[in-house]
Amino acid sequence: MRLARVRGTVVATIKHPAYEGRTLLLCQPLGPDGRPKGDQVVAVDRVQAGEGDLVLILTEGNGVRQLVGPQAGPIRSLVVGIVDEVDLP
Amino acid sequence: MYLGRVIGTCVATVKYTGLEGYRLLVVEPVGEDGAPCGEPHVAVDATQAGPGELVFLVGSREAALACEPTFVPVDAAIVGIVDAVTVAGSPS
């Protein structure tokens, strides 16, 4: 999983049926120092995260199918947690 | 999954069985501001996207799942046409 900042939302009326009724969040992965690192990811929200939240994103299909179910279809990224604190002593 | 812009089409008459009937589009990954941020590549179109449209795509094995029921050899599929990307208080 990766730490990421929710940058905002992606709205798409025309989309694959697997995405019906699911909120899409645009997330910017972060490095351990909290700075943006890597390409932005569109992820299906599972935890009602909002803009600006520090979140955990899962970017692997098999994990998605375990959470969403075998009929998850072409979903590969999920927001699976809202992070309160990261401690790197 | 990632944002992309459709920048062209790709026609392949001879191709792997199962890919018949699927449009192939050339897409370029873009960031929230629409600026290119990756290598252009060819993706299967599952949503009838048109040239210049902002779309979102799925990669890897899940792209093949966008083309049910046959398991086709694709690793990028357009799965949505983006109406709006609302970022930190500035819709674009």
Side-chain angles (χ1 to χ4, degrees), chain A residues 2 4-30 36-46 49-55 57-80, chain B residues 1-6 22-23 27-41 43-50 53-72 74-92:
Chain A
R2 299 206 56 189
R5 182 74 62 187
V6 176
R7 289 290 298 146
T9 55
V10 174
V11 175
T13 315
I14 301 170
K15 56 199 170 192
H16 189 279
Y19 292 90
E20 280 310 325
R22 300 188 189 277
T23 304
L24 296 173
L25 298 179
L26 186 62
C27 303
Q28 171 59 59
L30 305 176
K37 184 172 184 187
D39 293 334
Q40 292 184 330
V41 173
V42 176
V44 168
D45 182 25
R46 297 278 294 184
E51 215 168 276
D53 283 349
L54 183 62
V55 293
I57 52 174
L58 172 71
T59 55
E60 189 272 331
N62 205 20
V64 167
R65 279 184 289 282
Q66 287 168 33
L67 292 176
V68 176
Q71 81 300 339
I75 297 177
R76 184 171 172 76
S77 306
L78 292 180
V79 178
V80 292
Chain B
M1 298 164 341
Y2 52 98
L3 294 175
R5 173 88 56 197
V6 176
Y22 282 105
R23 288 171 68 226
V27 295
E28 183 168 45
V30 296
E32 67 194 38
D33 51 3
C37 66
E39 287 300 318
H41 52 280
V44 160
D45 176 25
T47 57
Q48 309 311 316
E53 287 202 291
L54 184 65
V55 294
F56 74 92
L57 303 97
V58 63
S60 304
R61 178 192 189 276
E62 284 64 44
L65 296 176
C67 311
E68 298 281 14
T70 54
F71 193 78
V72 290
V74 298
D75 65 357
I78 296 170
V79 283
I81 299 172
V82 175
D83 301 321
V85 176
T86 306
V87 173
S90 60
S92 64

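Chain A is the first sequence line, chain B the second, and so forth, proteins listed ahead of strands; every chain is numbered from 1. Note that these values count all heavy atoms, side chains included, but never hydrogens, waters or copies made by symmetry. Keep in mind that this is a model prediction, so the values were computed, not measured.
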task: Below 4.5 Å from any heavy atom of chain A, which atoms of B/Tyr2 appear? Answer side chain, backbone, both or neither.
output: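 Contact with chain A: backbone and side chain both.
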
Residue B/Ala63 versus chain A: region with a heavy atom under 4.5 Å: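 Contact with chain A is absent: no heavy atom of B/Ala63 under 4.5 Å.
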
What's the spacing between A/His16 NE2 and B/Thr47 OG1 if we round to 0.5 Å?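 Interatomic distance, A/His16 NE2 to B/Thr47 OG1, rounded to 0.5 Å: 10.0 Å.
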
Item to complete: Return each pair, listed once, that meets side-chain hydrogen bond (donor to acceptor under 3.5 Å, both in side chains) where at least one residue sits in residues 63-76 of chain A; pairs must be two or more places apart or across chains.
Response: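 side-chain hydrogen bond (donor to acceptor under 3.5 Å, both in side chains) check on residues 63-76 of chain A returns A/Arg65-B/Glu62, A/Arg76-B/Glu62.
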
By a 4.5 Å heavy-atom criterion (distance strictly below it), what part of [X] contacts chain B: side chain, backbone, both, or neither?
| X | value |
| --- | --- |
| A/Val44 | both |
| A/Ile14 | both |
| A/Leu24 | side chain |

- prompt: Counting only heavy atoms not in A/Glu20, do more than 12 fall under 6.0 Å of its CD?
  reply: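 Result for CD/A/Glu20: enclosed.
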
Can you tell me which residue among B/Val87, B/Thr86, B/Val85 is in a side chain to side chain contact (heavy atoms under 4.5 Å, CB included) with A/Thr9?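 Passing option: B/Thr86.
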
TODO: Would you confirm whether B/Glu32, through its side chain, and A/Arg7, through its main-chain N or O, come within 3.5 Å as a donor-acceptor pair?
DONE: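 Here the side-chain-to-backbone pair does not exist.
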
Heavy atoms only: give me the nearest A/Tyr19-B/Met1 pair and the separation to one decimal.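 So the minimum-distance heavy-atom pair works out to OH-SD, 3.2 Å.
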
What heavy-atom pair brings B/Val58 and A/Pro74 nearest, and what distance separates the two atoms?
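Smallest heavy-atom distance, with atoms named: CG2-O, 3.4 Å.
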
> Between B/Leu57, B/Ile78, B/Leu3, which has the largest tally of heavy atom pairs under 4.5 Å with chain A?
Replying inline: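 The answer is B/Leu3.
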
(request) Identify which of B/Ala46, B/Ser60, B/Gly59, B/Gly31 forms the greatest number of heavy-atom pairs closer than 4.5 Å to chain A. (result)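 Most heavy-atom pairs under 4.5 Å with chain A: B/Ser60.
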
